[in-house]
Amino acid sequence: SPSADKVIITTAFKDGHITLCVQDFGIGIAADKQANIFEQFYRVSGTLQDTFPGLGLGMFIASEIITRSHGTMSLESIEGKGSTFCFTLPVSK
């Protein structure tokens, strides 16, 4: 998020699971495009998004690693206000 001046990272532990969230204050992702964000080779399209390089693999790879580790990934985003990506993993003893 080149125009944003901060990123917030939070962690939480609950019921044997740890959650880590990264919140930015960039351009956000339109609601109708959020469902596809973890798909292989998917890139959000639009005039603002075209300024960010990439192949559409980063979120897919991250999601696969988390899923294969018995965790989950989620996204909350408001277009024009930013996004929060979270992942939750079980903590083994």
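Values in this document were obtained by computation on a predicted structure and should not be read as measured data.
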Participant: To the nearest 0.5 Å, tell me how far M73 CE sits from I37 CD1.
Facilitator: 10.0 Å

Participant: So, T84 side chain and V22 main chain: donor-acceptor pair closer than 3.5 Å or not?
Facilitator: no

Participant: Hey, what do you get for CZ (F85) to OG (S74), rounding to the nearest 0.5 Å?
Facilitator: 9.5 Å

Participant: Could you state whether I27 and I78 fall into the same hydrophobic cluster, counting links through intermediate Ile, Leu, Val, Met, Phe, Trp or Tyr residues with side-chain heavy atoms under 4.5 angstrom apart?
Facilitator: no

Participant: Let me have the donor-acceptor pairs involving side chains of residues 57-72, under 3.5 Å, with sequence neighbours excluded, atom names and distances please.
Facilitator:
residue	atom	partner	partner atom	Å
E64	OE1	R68	NE	3.2
E64	OE1	R68	NH2	3.2
T67	OG1	S63	O	2.8
S69	OG	I65	O	2.9

Participant: Let me check something: any side-chain donor-acceptor pairs from residues 8-19 under 3.5 Å, sequence neighbours excluded? List them with distances.
Facilitator:
residue	atom	partner	partner atom	Å
H17	ND1	D15	O	3.0
T19	OG1	T88	OG1	2.8

Participant: Whether the side chain of D24 engages the backbone of S83 through a donor-acceptor N/O pair (distance < 3.5 Å, no angle test) should be reported.
Facilitator: yes

